[in-house]
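Remarks on the structure that follows.
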There are 2 protein chains.
Amino acid sequence: MQQKNKHELNPRVSADIVIFGFDFNQLKVLLIERENLDATEGMSQALPGDLIYENEDLYMAASRILNELTGLNNIYLEQVGAFGDPNRLNKEQDKLWLKSVRQQPDERVITVAYYSLVNLNDYVPQASSFAKSTSWIPLNEIAELAFDHSKILSKALQKLKDKIMMQPIGFNLLPEKFTFSQLHKLYESILGRELDKRNFRRKMLKLKLVESLDEKQEGVPHKPSRYFKFNEENYNRLIENGYDNFGF
Amino acid sequence: MQQKNKHELNPRVSADIVIFGFDFNQLKVLLIERENLDATEGMSQALPGDLIYENEDLYMAASRILNELTGLNNIYLEQVGAFGDPNRLNKEQDKLWLKSVRQQPDERVITVAYYSLVNLNDYVPQASSFAKSTSWIPLNEIAELAFDHSKILSKALQKLKDKIMMQPIGFNLLPEKFTFSQLHKLYESILGRELDKRNFRRKMLKLKLVESLDEKQEGVPHKPSRYFKFNEENYNRLIENGYDNFGF
DNA sequence: ATAGCTATGTGTCAAAAGTACACTTTGCGA
DNA sequence: TCGCAAAGTGTACTTTTGACACATAGCTAT
C-alpha cells in the first residue's frame, strides 16, 4: 500500500474560453473587463472562465460557461489545452484582484482552455456571475491580458488557424446564408493574410463546400451578391475520404 | 465577497504520457503492465503517469515522469490535452486496482496527457515507483487500455500524424545517423499508409532536411545504404519562412 | 435618364507540385 | 560467379497553385 505523498497537488480547476466572433469585417474575442485595484487605476481584460464543478465534465463546464455568457447552446467548442504554471496567477495586479473575489486567492488553479466559434447574430448578452461586464474586442486591438490569458489566446488562435486549413469550421462564425466576400473576409481575418479572391472562390466551389441560393442581397449600393450556404453533406464526404488540407 | 461554492471541484491532477519509439520497423508505445484483480485474472495495460506535485509545472511533471521511466532528458514532449470525465476511472477493473494502490481511490483525477518521441537506442529501462513492469508494445498490437487511456492514445497519435505533416519531428525517433529507408519506414508507420519511395526521397532532398554522410552501412547482405543526418539549420529556415505542409 | 460608384463575378496561362511507375546497382553469401 | 535483397535513380503525365484585369448589376446623386 503506497503512502499518500503530501506534496501531491490538489488544485482547483477552471475552464477559460476564447470566444471568437466575426462581424463580417474582423475577428473579435469576447473578453471580460476588470477594474484594476492597484495604482494603475486602469482597466484590464481577461478571458471568461469559471471553476469547474464536481461531477462536471471539462467540456460540459466550458459549454456551461459559454451558455451563461452568450445564451447559446450546441456551439462549436474545442479544447486548446491545460495551463498549469504554478505562477500563472501571480502577477501583482492579478493577485490583488483575486483577493477581492475569492476566499482562497493563493490556491493553485489549473485551467483547461477552450475556444469556440459563435455567430454574432445569435449572441445575446447575458448577466453572468463571473463576468460583470463583457465586450467584443477586435483581435488586433487586444492588449496584454490578465493572468496567462495572452498565452492562451495566442495558442487558441494558432489552433484555429491550423484547423481552418483542415476543416471548414469557419461556417460556425457565419449565419446560415452569407455572401462569398463575407466568407472570403472571414478566412483572411483568421489567417491574417490576404487570399486571392478568384482562387479562393475556385477552391470553395471545386470542393463543393458552399452552394448558391436563389437569393440576392437587397439594398446594397453596388451589384448585389448572391447568397450561399454551407453544404454539410459534401463536407462530410470530404472528411470521410481523408481530405486533409485546403492549401490556401 | 463571493462565497466559495461547495460544489467546486478540488481534484487530483496527473500527467500521463504516450511515449513513442521506433525500432526501424514499427512504431511502439511504452506501456505499464498491470495484473487484473477481478475474475478475469488477465493482464491489462495502461499509459505511464503520475500525480503532479505542488509547485510543479505540467510540462515539468511530464518530463519528470518521462525521465523516471526512460532515464532520458530533454526529450520531445508535447501536450495532447486534458481529460477530465468524472467517470474516467470508474470501470470496475480500474476501481479495484486503484483501491489496492491509493488511499483515496474515489477521488476525482483529471489528467493532462503528453506524447513524446524517444530514440529507442538511448532508452535504458528504469526501476520506477509508478511502473513496476513496462514494455514497448507495437501500435497495432495494443488492445483496449485501462481507464480512458485508449482515448488518450488515439488522440496522441492523431496529433502526431498532424504534426509530422507540418514539422519534421520524426527525427526525434531516430538516431543521429540513419538510412533513407529507415526514415521512409518511420513516416509510413506514423501515417499508417504507404508512401512512394522515390517521391518521398525527392521531397526530403528538395527541402534539404537530410544530408548525406560519407558513411555506408556495413555487413548487410545487400547494397549498403548511405547514412544521412537531419539538417537542423535548413529546418529552422523552413519554419521561419512560413513553410507549413509536407504534402505527402 | 444618365453617369458614376462600388463591390460582384468571372477565365487563362505558366509554374510548381503531386503521382505513378521499373530497372540498374552494390555488396554479401552460397 | 551467380543469386539475392535492398538501395538508388528519372520521366511523363496530371493536378494544383498563383498571378493577374475587366465587364457587370444595382443603387445613388444630379
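All chains are named by letter (A, B, ...) in the order of the sequence lines, taking the proteins before the strands, and each is independently numbered beginning at 1.
- Here the nucleotide nearest the side chain of R202(B), chosen from dT11(D), dA19(D), dG8(D), is dT11(D).
- Within the structure, every side-chain polar atom (N or O) of R226(B) is placed at least 4.0 Å from both OP1 and OP2 of dA7(D).
- The phosphate of dT16(D) (OP1 or OP2) has no side-chain N or O of K203(A) nearer than 4.0 angstrom.
- Contact of K223(A) with dG9(C) (side chain to base): no donor-acceptor pair of N or O atoms is detected under 3.5 Å.
- Put simply, the side chain of R198(A) and the base of dA21(D) share a donor and an acceptor less than 3.5 Å apart.
- Of the two residues near DNA chain D, G219(A) and Q182(B), the one whose nearest nucleotide lies more 5' is Q182(B).
- When the P atom of dA7(D) is taken as reference, atom CZ of F200(B) falls 13 Å away, rounded to whole Å.
- Residues V80(B) and K155(B) are in side-chain contact: their nearest non-hydrogen atoms beyond the backbone lie under 4.5 Å apart.
- In summary, the side chains of N199(B) and R202(B) do present a donor paired with an acceptor at a separation below 3.5 Å, with no hydrogens or angles considered.
- The main-chain N or O of A143(B) is never found under 3.5 Å from a side-chain atom of Q45(B) such that the two would form a donor-acceptor pair.
- Closest approach to the K197(A) side chain among dG8(D), dA19(D), dA21(D) is made by dA21(D) (side chain taken as heavy atoms from C-beta onward).
- Proximity of S225(A) to the phosphate of dA7(C): no side-chain N or O atom is located under 4.0 Å from OP1 or OP2.
- Within 6.0 Å of CG on N74(B) lie no more than 12 heavy atoms contributed by other residues, nucleotides or ligands.
- The residue among P224(A) and K206(A) whose nearest nucleotide of DNA chain D lies closer to the 5′ end is K206(A).
- Summarising the geometry, the separation between OH on Y227(B) and P on dT26(C) is reported as 19 Å, rounded to the nearest angstrom.
- The CG atom of L183(B) sits 15 Å away from the C1' atom of dA7(D) (whole-angstrom rounding).
- Atom C1' of nucleotide dC4(D) and atom NE2 of H222(B) are separated by 11 Å, given to the nearest angstrom.
- Protein atom CD of E218(B) is 22 Å distant from nucleotide atom P of dA5(D), rounded to whole Å.
- In this structure, F228(B) places its CZ atom 11 Å from P of dA7(D), rounding to the nearest Å.
- Straight-line distance from the CG atom of L205(B) to the P atom of dG8(D): 10 Å, rounded to whole Å.
- Looking at the side chain of N199(A), the nearest of the listed nucleotides dA17(C), dG8(D), dG18(D) is dG18(D).
- Rounded to a whole Å, the CZ atom of R201(A) is 18 Å from the P atom of dG18(D).
- A donor and an acceptor atom never sit less than 3.5 Å apart when one is taken from the side chain of K216(A) and the other from the base of dG26(D).
- Taking every heavy atom of both residues into account, D122(B) and L72(B) meet most closely at O-CD2, 3.4 Å.
- The side chain of D196(B) approaches dC21(C) more closely than any other nucleotide in the set dT10(C), dA6(D), dC21(C).
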